[in-house]
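Presented below is the structure to which this report refers.
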Amino acid sequence: MLETDADADADADADADAGADAGPIPVTRTVDCGTAKLMPDVDRPRAWLLTVDGAPQSYVDLDAPTDLEFEYARRLAAVLDAAAAPAEPLDVLHLGGGALTLPRYLAATRPGSRQDVVEADRGLLALVAEQLPLPPDCGITVRAEDARTALEAAPEHSADVIVADVFGGSRVPAHLASVEYARAAARVLRPDGIYTANLADSAPFDFLRSQLANYASVFGHLCVIAEPAVLRGRRFGNIVVAASRVELPLTQVARRAAADVFPARVEHGAALRRLTGDAVPVHDAQAVPSPRPPDGAFSIG
């Protein structure tokens, strides 16, 4: 049967309506570090999960930037929330961007903050800018650059907080795992500033212990935040580290961590020294990336 122009128009309208009913569709793109996918949350109209090569990287709800789905993001946010009085603006350097979850969170919770985000993957930055644009006048500057290079070029005492969440694939790169890197971070922080990082490891914690030794040699105060099962060596998982030259807001952070849907523990002082054991600072020449996660540790179908 021949199709008339009226029939074609009706079919086009029906297709458009069906597409509208279907809602957002996944976006897949080859980026510098692999294959990135943005997958819509079926329960929220403007919420997206970002994965790279199957590993979850970020979750963003454009309508609710303070809603943090990933446990490690909530732990980093707990450090940010305790870094200054509520709503007080901060100067923050983010090493690693992903979908800009924490910069969006901080812009919402601390308006007027100045945030500099460094992400090495230009293709990923382009995808996020296109599909998940930042709100205007949010105070967030994003640039494509290697994290260590940007850190070493940053002005001295220019940041209240440094947030490091850098993974090459599913591993923290070696050049961000040395004592020289820790010293570079300390130079950029203000005297009372806080360095916080998302790491991943499992027993016997060779990588984590070396990182604790690095930070302890530079900062006088240190803690880790993680689920008890991870700290007991029962499984591979994320471990958030916080370090400062001054006392950390341990009580506030511990309260938030304990109240989480997936409660976490804050280790510091003698307990942290026992965890560090006889580990010594690692220099650039000997630094190695974080361990490769076991199959299925972070990937999704």
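All of these numbers come straight from a predicted model, not from anything done at the bench.
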State, yes or no, whether a side-chain contact exists between [X] and [Y] at a heavy-atom distance under 4.5 Å.
{"X": "Leu212", "Y": "Leu275", "result": "yes"}
{"X": "Val230", "Y": "Arg235", "result": "yes"}
{"X": "Pro111", "Y": "Pro89", "result": "no"}
{"X": "Asp146", "Y": "His175", "result": "yes"}
{"X": "Asp116", "Y": "Arg143", "result": "yes"}
{"X": "Val60", "Y": "Leu50", "result": "no"}

Evaluate the criterion salt bridge (Lys or Arg N to Asp or Glu O under 4.0 Å) for residue pair Glu267 and Arg274; output intermediate values, then yes/no. CA-CA 10 Å; Glu267 295 281 20; Arg274 286 193 296 272; over 6 Å; no
Expected output: side-chain [X] to main-chain [Y] donor-acceptor under 3.5 Å:
{"X": "Asp201", "Y": "Leu208", "answer": "yes"}
{"X": "Gln115", "Y": "Pro103", "answer": "yes"}
{"X": "Glu247", "Y": "His221", "answer": "no"}
{"X": "Arg171", "Y": "Ser290", "answer": "yes"}
{"X": "Ser202", "Y": "Phe236", "answer": "no"}
{"X": "Arg104", "Y": "Pro135", "answer": "no"}
{"X": "Arg74", "Y": "Val261", "answer": "no"}
{"X": "Arg245", "Y": "Ala186", "answer": "yes"}
{"X": "Thr66", "Y": "Tyr105", "answer": "no"}
{"X": "Asn198", "Y": "Ala73", "answer": "no"}

Within 6.0 angstrom of [X] [atom1], more than 12 heavy atoms from elsewhere:
{"X": "Arg209", "atom1": "CZ", "value": "yes"}
{"X": "Arg292", "atom1": "CZ", "value": "no"}
{"X": "Arg234", "atom1": "CZ", "value": "no"}

Taking all non-hydrogen atoms of both residues, which atom of [X] and which atom of [Y] are closest, and how far apart?
{"X": "Val166", "Y": "Gly96", "answer": "CG2-N, 3.7 Å"}
{"X": "Ile239", "Y": "Phe205", "answer": "CD1-CE2, 4.0 Å"}
{"X": "Val288", "Y": "Ala177", "answer": "O-CB, 3.8 Å"}
{"X": "Asp121", "Y": "Asp32", "answer": "OD1-N, 3.1 Å"}
{"X": "Glu227", "Y": "Phe262", "answer": "OE2-CB, 4.2 Å"}
{"X": "His268", "Y": "Leu222", "answer": "CB-O, 3.6 Å"}

Determine, step by step, whether Leu248 and Val253 satisfy the side-chain contact (heavy atoms from CB on, under 4.5 Å) criterion, reporting the C-alpha distance in whole Å, the side-chain angles of both residues, the deciding distance to 0.1 Å, and the verdict. CA-CA 9 Å; Leu248 291 162; Val253 174; over 6 Å; no
When Asp63, Asp61, Asp41, Asp67 are each screened for salt bridge (Lys or Arg N to Asp or Glu O under 4.0 Å) with Arg46, the one that passes is Asp63
Nearest-0.5 Å distance that lies between atom [atom1] in [X] and atom [atom2] in [Y]:
{"X": "Thr196", "Y": "Arg75", "atom1": "OG1", "atom2": "CZ", "value": "11.5 Å"}
{"X": "Arg122", "Y": "Glu145", "atom1": "CZ", "atom2": "CD", "value": "8.5 Å"}
{"X": "Ile225", "Y": "Asn238", "atom1": "CD1", "atom2": "CG", "value": "12.0 Å"}
{"X": "Glu152", "Y": "Arg187", "atom1": "CD", "atom2": "CZ", "value": "8.0 Å"}
{"X": "Arg114", "Y": "Ile140", "atom1": "CZ", "atom2": "CD1", "value": "14.0 Å"}
{"X": "Leu93", "Y": "Thr141", "atom1": "CG", "atom2": "OG1", "value": "11.0 Å"}

Candidate pair His157 and Leu189, rule side-chain contact (heavy atoms from CB on, under 4.5 Å), full reasoning: CA-CA 5 Å; His157 299 164; Leu189 284 170; over 6 Å; no
Honestly curious: do [X] and [Y] fall in one hydrophobic cluster under the side-chain, below-4.5 Å linking rule?
{"X": "Leu102", "Y": "Leu134", "result": "no"}
{"X": "Val241", "Y": "Leu151", "result": "yes"}
{"X": "Tyr59", "Y": "Leu132", "result": "no"}
{"X": "Leu68", "Y": "Val117", "result": "no"}
{"X": "Tyr181", "Y": "Phe207", "result": "yes"}

Take Val266 and Leu250, measure what side-chain contact (heavy atoms from CB on, under 4.5 Å) needs, and give me the verdict at the end. CA-CA 8 Å; Val266 175; Leu250 294 172; 4.1 Å; yes
Side-chain ion pair, Arg148 and Asp284, N-O less than 4.0 Å: yes
Going through the checks in order, is the side-chain contact (heavy atoms from CB on, under 4.5 Å) test met by Val172 and Phe167? CA-CA 5 Å; Val172 177; Phe167 284 79; 3.8 Å; yes
Residues in ring-ring contact (aromatic ring centres under 6.0 Å, His included) with Tyr195, at least two apart?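 Partners of Tyr195 by the ring-ring contact (aromatic ring centres under 6.0 Å, His included) criterion, ordered by chain and then number, come out as Tyr215.
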